Amino acid sequence: MPKLILCLSIAITLTTHLVAATPNAEPAKSEKQPEPPITWHQGVVPGPAVTLRVKRVIGKSMVFQGSMDREQKSGNSYHEVDTFYLNALCANQEEGRDQMAFWRTFTDRRRNEKLENGKPIEKVLDNSNDLIDMGPNFSIVGKSLRCYAFDKQNRLAYKSMQLVTLKDGSYVHGSVVNEDPKRVSIVTDDEKIDILQERISKIENIPQPHVCINEAPHYMFPIFPERAVAPGDTWRFRVPTIIPLEQGLAARVFPTQFDIIFNARLREVKDSPSGKVATIDYQIAGTFDSSFPEFSQRFPEEFLVASRITHRVSGEGTAVFDVERGWMVDRHESFNFFFYGKTNQENEKKYDKNGKLVSEKPRKPIENKAEITSRFDLKLLLPGTRLKSGAVVQNYD
């Protein structure tokens, strides 16, 4: 089994429908873990109700200064500290959603690694610049600009796909392109498949999950409520996500999709020269475990007998939001990612010269564990601010 890491990629066929949308021990088996209780650490300051909506202007970029402190504890460990500028461009608006491209430019990157053999490595990484990748739920604006659709509540939209479950328990996922009384045609990652209707148990529309690649989860939150809220009010959303792993099954990507549960609370509303400013606290939590009944049906029996995969996400953050301008002014959050994988090995067998089994010794299962902590800070730079490059931040209105 390969090492479990957060930085992996997948390729999945898309449809065009958008919808607004203990670490060191092996987890308890065959039980769905309850959602953790929500505890808010800061007191509420009474104040007026406000409606939280993001305002973006087509063709305008908002520029943020950010930092990320990221640490992985596993056989191969590392600690990386980065600073960067983030250019958030609203390239277009479509069906009430802002088509957003996030261009991150590092200004400093340092990374210390420790290999399984204990050897330390210190690296100074290149100050690269890249578009943030949150998986396949994007649209191309212009010739090549990869954009993600956000609504005014800051919800990242997802596309949908079809899951065709067969009567023998197997399934196919992709895009259904034709259906008649005799057969269904579905396009997968690799091919077009015709399936007889008599073999099909059901066809479901399922959300295409956002993909947790590198720092991508930090661009999915916070999400704002539909209604007006006063300090002390809470709200929640479910966000479909996947942490992909390439494995040796027929499918190139394990069906490890699960929901991250987002909970938020308005802490206070202050007056400022520009108007009202809101402080929002939020928490995220979600678990995938291949042994849980809700997930185990996705896997063949031989896999469930021999292997197990667990992904766990948790974290919390605080956002400061300019209510009048619709600007995200400041964000601080810390997310944790836990990965566990286990594969049982066949027993070690010895035979005599006649081919008769003389001894059999159990082998130790192959296990991989990794825990990543990612601390992320983002601060909006006011118009007129001069960047290290000498460029000056333009007006956002």
Side-chain angles (χ1 to χ4, degrees), residues 10-21 30-33 35 95 97 134-139 148-149 151 155-212 220 223 236-247 249-262 285-304 307-311 313:
I10 64 172
I12 298 179
T13 303
L14 301 178
T15 65
T16 57
H17 178 57
L18 279 170
V19 184
S30 299
E31 295 180 3
K32 181 178 179 180
Q33 296 182 0
E35 294 180 17
E95 298 181 353
R97 299 186 183 93
M134 291 180 281
N137 288 313
F138 65 85
S139 299
Y148 292 88
D151 67 10
R155 292 180 297 176
L156 173 57
Y158 56 80
K159 301 179 181 182
S160 64
M161 62 187 300
Q162 284 73 50
L163 181 69
V164 180
T165 303
L166 305 183
K167 292 178 181 178
D168 63 5
S170 62
Y171 66 90
V172 179
H173 62 260
S175 300
V176 172
V177 294
N178 187 55
E179 184 174 0
D180 60 40
K182 290 187 176 181
R183 61 179 57 81
V184 169
S185 298
I186 183 169
V187 177
T188 70
D189 292 343
D190 302 311
E191 59 184 336
K192 180 181 176 182
I193 301 174
D194 291 328
I195 307 173
L196 295 176
Q197 288 278 14
E198 62 189 34
R199 296 182 57 208
I200 297 175
S201 173
K202 60 181 177 179
I203 301 176
E204 303 170 272
N205 285 324
I206 61 172
Q208 179 65 65
H210 308 311
V211 179
C212 294
M220 301 177 188
I223 306 172
R236 68 159 35 190
F237 289 94
R238 304 181 76 92
V239 180
T241 56
I242 191 170
I243 301 171
L245 292 173
E246 295 182 359
Q247 298 284 352
L249 292 183
R252 287 188 299 174
V253 179
F254 263 174
T256 53
Q257 177 175 338
F258 66 103
D259 285 343
I260 290 180
I261 309 300
F262 169 87
T287 299
F288 169 85
D289 193 313
S290 59
S291 71
F292 289 173
E294 62 181 312
F295 302 126
S296 61
Q297 59 184 337
R298 303 175 183 176
F299 298 88
E301 185 62 32
E302 57 268 24
F303 169 83
L304 295 173
S307 303
R308 186 181 182 194
I309 292 177
T310 300
H311 296 161
V313 178

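Predicted model, so just to flag it, every value in this text is computed and none were measured. Values below: every heavy atom of this structure, side chains too, minus hydrogens, waters and symmetry copies. Counting from 1, the numbers follow the sequence of the chain as shown.
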Seminar exercise, completed: side-chain contact (heavy atoms from CB on, under 4.5 Å) filter on E191, not counting sequence neighbours, yields T188, I193
Problem set entry | With E204 via salt bridge (Lys or Arg N to Asp or Glu O under 4.0 Å) - residues at least two apart | K202
For this session: Quick one: closest heavy-atom pair of Q197 and R183, and the distance?
Result: CG-N, 3.5 Å
For this session: Run the numbers on F295 and F288 for ring pair (Phe, Tyr, Trp, His ring centres under 6.0 Å), then give the verdict.
Result: CA-CA 8 Å; F295 302 126; F288 169 85; 4.7 Å; yes
For this session: Decide yes or no on side-chain contact (heavy atoms from CB on, under 4.5 Å) for T165 and I200, but give the supporting numbers first.
Result: CA-CA 6 Å; T165 303; I200 297 175; over 6 Å; no
For this session: Apply side-chain hydrogen bond (donor to acceptor under 3.5 Å, both in side chains) to S296 and list each qualifying residue two or more places apart in sequence or on a separate chain.
Result: none
For this session: List in chain and number order the residues that pass side-chain contact (heavy atoms from CB on, under 4.5 Å) with Q297, two or more places apart in sequence or in another chain; answer none if no residue qualifies.
Result: none
Problem set entry | With sequence neighbours excluded, residues passing side-chain hydrogen bond (donor to acceptor under 3.5 Å, both in side chains) with N205 | Q162
For this session: Please name all residues satisfying side-chain contact (heavy atoms from CB on, under 4.5 Å) with E301, sequence neighbours left out, ordered by chain then number.
Result: L304, V305
Exercise. Which residues pass the ring-ring contact (aromatic ring centres under 6.0 Å, His included) test with F262, sequence neighbours left out?
Worked result: F221, Y282
For this session: List for me each residue that meets side-chain hydrogen bond (donor to acceptor under 3.5 Å, both in side chains) alongside D180, sequence neighbours excluded, and say none if there are none.
Result: none
For this session: State, without any angle test, whether T287 and D289 hold a side-chain donor-acceptor pair at a distance under 3.5 Å.
Result: no
Seminar exercise, completed: Those residues at least two apart in sequence (or on a different chain) that pass salt bridge (Lys or Arg N to Asp or Glu O under 4.0 Å) with K182 are none
